[in-house]
Amino acid sequence: MDKRLIIIDGNSIINRAFYALPEMNNKEGLKTNAIYGFTTMLFKIIDIYKPTHISVAFDRKAPTFRHLEFKEYKAGRKKMPDDLGVQFEPLKELLDKFNIHRLEIDGFEADDIIGTVSKIAEENDYKVYIVTGDKDAIQLASNKTTTLITKKGVGEVEEYDFNSVMEKYEMTPTQFIDLKGLMGDKSDNIPGVPGIGEKTGIKLIKEFSSIENIIENIDSLKGSVKKKLEENKELAVMSKRLATIIRDVPIEINLEELEYGDFDKDAVIESFRNLGFTSLLSRLVELDGGNIVNEEIELNISKLENIQEFINESKNQKKLILKTVKKEGNILEKNIMYMYISIDGKNIYYINEDEILKLETILSSNEVEKIGYNLKDDYLALRPYDIKLENMRFDITIAEYLIDSTSSTSYECSDISMKYLTRKMKSKEELLGKGVKAKKYEDLELEELSEYIGKVINVVATVYERMEKNIIETNMDSLLYDIEMPLVEVLGEMEYEGVKVDIEKLNELGAQFKEKILTLEKEIYELSGEPFNINSPKQLGVILFERLELPVIKKTKTGYSTNAEVLDKLRDKHPIIDKITEYRQIVKLNSTYVDGMLSIINPISNRIHSSFNQTITTTGRISSTEPNLQNIPVRLELGRNIRKVFISDDKCKLVDADYSQVELRVLAHMSGDENMIDAFKHNEDIHTKTASQVFDVEIENVTSELRGAAKAVNFGIVYGKSDFGLADDLNISVKQAKEYIDSYFSKYSKIKEFMDTTIENASKDGYVTTLANRRRYIPEIKSSNFMERNRGKRFAMNAPIQGSAADIIKIAMVNVYKKLEENDLKSKLILQVHDELIVEAVEEEIDIVKKIVKEEMENAVSMDVHLDVDLNVGDSWYETK
DNA sequence: GCTATCACG
DNA sequence: ACGTACGTGATAGCC
């Protein structure tokens, strides 16, 4: 068999990769762009040239003979950036795992090693490929050696062998050395002959073929060229020597050791995971013809014939992996097409909708653990059948969210499959298509559907124990099993229950808004002198800043900024501004909150069934979509009216409970700051207390301005705000803002300490944690970019506080839900807005509901600071203030 | 599909 | 000196 050797100039390629690719980090913040670029290049080369042998040569730090001969050699080169330097060792480790040979020898550059090894390989009848970004290596090209020079970063290569060099440059590869001897090389600081550049150099080489021959025939030259050469003969000879790649470095090399082939696949996969190269995992599969897929999966998927036998087995094993498939439709209606179930993940059965009830005994059994992927969907699918899916034990989506809440993927099964199993499977989008042409499950043939869902079930079965191990190792098992998994049912019930809407009231508000919008529109057109689309920031910008010539306050990437802040600064300048502000406000209310809500009211229940998502936010909060019920207006009275349409059902009231200052209490507890803890212990108004401390006045002398300033400081601290930002907010000087912050930290000194330690830990560990041990990785904190690193610090300061508050209310939700159930109450938890819970309580239960909610919320966790909950009852959300 | 804006905690 | 507050989702305009 033909032997093909690839020799890579490690330093050259890692450099190219580093400068060609944007910054990349793994989740601990290690820079990885150069490693990534190198690896993709390696894969590409292996794929194209199918080498039997590979070696990567690296420079050593020790000086080479070139430095010793010419002390200016490579002088003036910039020091390697740290962000690149740190990537060498991980790359070398990765190459070792690929079983790819490495060559490093003191006193010789990678070039010389490559020159020598390629020569030996040529003599042994190898076909040689040299990969580098450095054109000097073209001198090594021959009939047996092809030099591959990278182009466009490291994405492509250009081939040079003897013939192509002759064709392209009309000189032999070795004559390139003579040319460089004449021209010199800026990057290596090789002098060459001063005054002789590329054009003259090429002419001379073509005529005389070498520097030696030029010197011998120097008399046949004339003019300035002759003079330059006569004066710099020695320089030319030395430059040629410096430019000559050595091909007889004294090394003992056994080419057999360079053989490429088997490597420890698990080790490489592990490395890729650590480096965060999930996309490369799939390349690994292609690279090795699919052999890297560890487990050959063969699934038996069939219709379940003997239901009783399966039930018995499931009860025996106390385990059930399941995935329901439903048609698109109303959340309140029966829409299941099939349910796929399995115990071992390999023998997978499906049943039709009409037989689902037969499985109720295991589905609603507390003895059988349910393991799945997006279990809330299964819970909700079964809900209209009056089947309660009980003991939802493990959801791989939620587990993966806990493992890495900052992951850029959305925890798709296909992503999880690739990450944990190095196994490719279709994503849902690949299965169904996207956009308007997207198919639905009901459009698929049963066979195709079964193949896909079968794989999902198998991934769940194969992956969940590995995830569990990871979660236990990172002390998140209680977070998963005691908080997040029990919460699945709570959120499912909230979605199913929904919130009642007063449709008439909503329409009435809409009519009012629309009328007002028309009036404002007319007034604005009159003031501007022409009609335009007020909703277009671009058109509005032209009107304000060109036609009306108002001063430009701020610019956006694309033009003038016209946001509320800018408009506020312009309001004295022109009467149109206030009209536009009001117009914007009402348009927002009308389109988002009136039309938006109307379009999504469930026709069966006349209620709004929002989705509560558990795996979106990086901090641990829940998010709400379709519609978002967590941003219903409250601050301004006009918008607050929207809350009048969210009402309680007949013979019910809304019980609204919200935590008072939960984030500041968390901060007081986590930092252990006695001063702040004390303020909460004495039920003092925290902002007044802060004002009194920071501005050094008696409590009774704190004015509302001072309190307002203190409030801004308190919130700013939670977000890691700067003096600059605070100054902007409070309209004071940066110097003054700095004094406020300094004074704050001197009074609440443990808070300062806490912030510093948190940042330190984040830098050291790469992550921060909450009270319930929820993790957030912060790769930004290791960035070499000032701004990015500062963002990382702010994330580090904020995530434990916001995340712990999220932990607390999640615990409260689970406990409130449990208590309502235990007491056989009909009242239902229906909403959560980060620090607020709303229960729709039937009238006879209001007192006990209030008691339960207050107790469970206030006692969700035990801290050095007590939690305090405000309760309000009303017929609408508006009334519960 | 991106950008600007604005609603909430 | 750098640029400057965390976390979300919906809508409209525009390319």
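From a predicted model like this one, the values you see are computed outputs, not experimental measurements. Reminder, nothing fancy here: chain letters follow the sequence lines and each chain counts from 1.
- Using a 4.0 Å heavy-atom cutoff across all strands shown, A:Glu836 reaches no nucleic acid atom at all.
- Contacts classified as salt bridge (charged side-chain N to carboxylate O under 4.0 Å, His left out) and involving residues 583-597 of chain A (residues at least two apart or in different chains) are given here: A:Lys514-A:Asp595.
- A:Ser722 comes within 4.0 angstrom of a base, heavy atoms only.
- Side-chain proximity of A:Thr558 to B:dT3, C:dA10, B:dT5: nearest is B:dT3.
- Residue A:Ala799 is out of contact with every strand shown, counting any heavy-atom pair closer than 4.0 Å.
- Looking at A:Ser623, its side chain has no donor and acceptor atom pair within 3.5 Å of the base of C:dT8.
- In this structure, the nucleotide among B:dA4, B:dC8, B:dC6 sitting nearest to the side chain of A:Asn631 is B:dC8.
- Contacts of A:Arg776 with the nucleic acid, taken as non-hydrogen atoms under 4.0 Å apart, involve only primed sugar atoms and P, OP1 or OP2.
- Looking at heavy-atom distances under 4.0 Å, A:Asn785 makes no contact with the nucleic acid at all.
- Here A:Gln539 lies in heavy-atom contact (under 4.0 Å) with sugar-phosphate atoms only.
- Of the charged side-chain nitrogens involved, at least one lies within less than 4.0 Å of a carboxylate oxygen, so that A:Glu788 and A:Arg791 count as a salt-bridged pair.
- For C:dC2 and B:dC6, the P atoms lie 28 Å apart once the distance is rounded to whole Å.
- For A:Phe646 and A:Tyr878, the ring centers sit 6.0 Å or farther from each other.
- In this structure, the nucleotide among C:dC6, C:dG9, C:dC15 sitting nearest to the side chain of A:Ile616 is C:dG9.
- Among the atoms of the strands shown, none is found under 4.0 Å from any heavy atom of A:Val587.
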- Query: What's the verdict on side-chain hydrogen bond (donor to acceptor under 3.5 Å, both in side chains) for A:Glu28 and A:Tyr767, showing C-alpha distance, side-chain angles and the deciding distance?
  - Reply: CA-CA 7 Å; A:Glu28 279 95 19; A:Tyr767 63 87; over 6 Å; no

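- Separation of the P atoms belonging to B:dG9 and C:dT4 is 25 Å when rounded to the nearest angstrom.
- In this structure, the ring-ring contact (aromatic ring centres under 6.0 Å, His included) partners of A:Tyr748, at least two apart in sequence or on a different chain, are A:Tyr744.
- Side-chain to base pairing of A:Asn535 with C:dA12: no donor and acceptor N or O lie closer than 3.5 Å to each other.
- Counting only Watson-Crick and G-U wobble pairs whose two distances sit under 3.5 Å, DNA chain C takes part in these stems of three or more pairs: B:1-9 with C:6-14.
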- Task: Take A:Asn613 and A:Ser623, measure what side-chain hydrogen bond (donor to acceptor under 3.5 Å, both in side chains) needs, and give me the verdict at the end.
- Result: CA-CA 5 Å; A:Asn613 201 311; A:Ser623 91; 5.3 Å; no

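- Within the nucleic acid shown, A:Arg794 comes within 4.0 Å of sugar-phosphate atoms alone, with no base atom in reach, counting heavy atoms only.
- Side-chain to base pairing of A:Gln802 with C:dC6: one donor and one acceptor N or O lie within less than 3.5 Å of each other.
- The base of B:dG9 is paired with the side chain of A:Arg635 by a donor and an acceptor separated by under 3.5 Å.
- For the pairing with A:Lys721, the side chain to side chain donor-acceptor pair (under 3.5 Å) check across A:Asp729, A:Asp728, A:Asn798 returns one residue only, A:Asp729.
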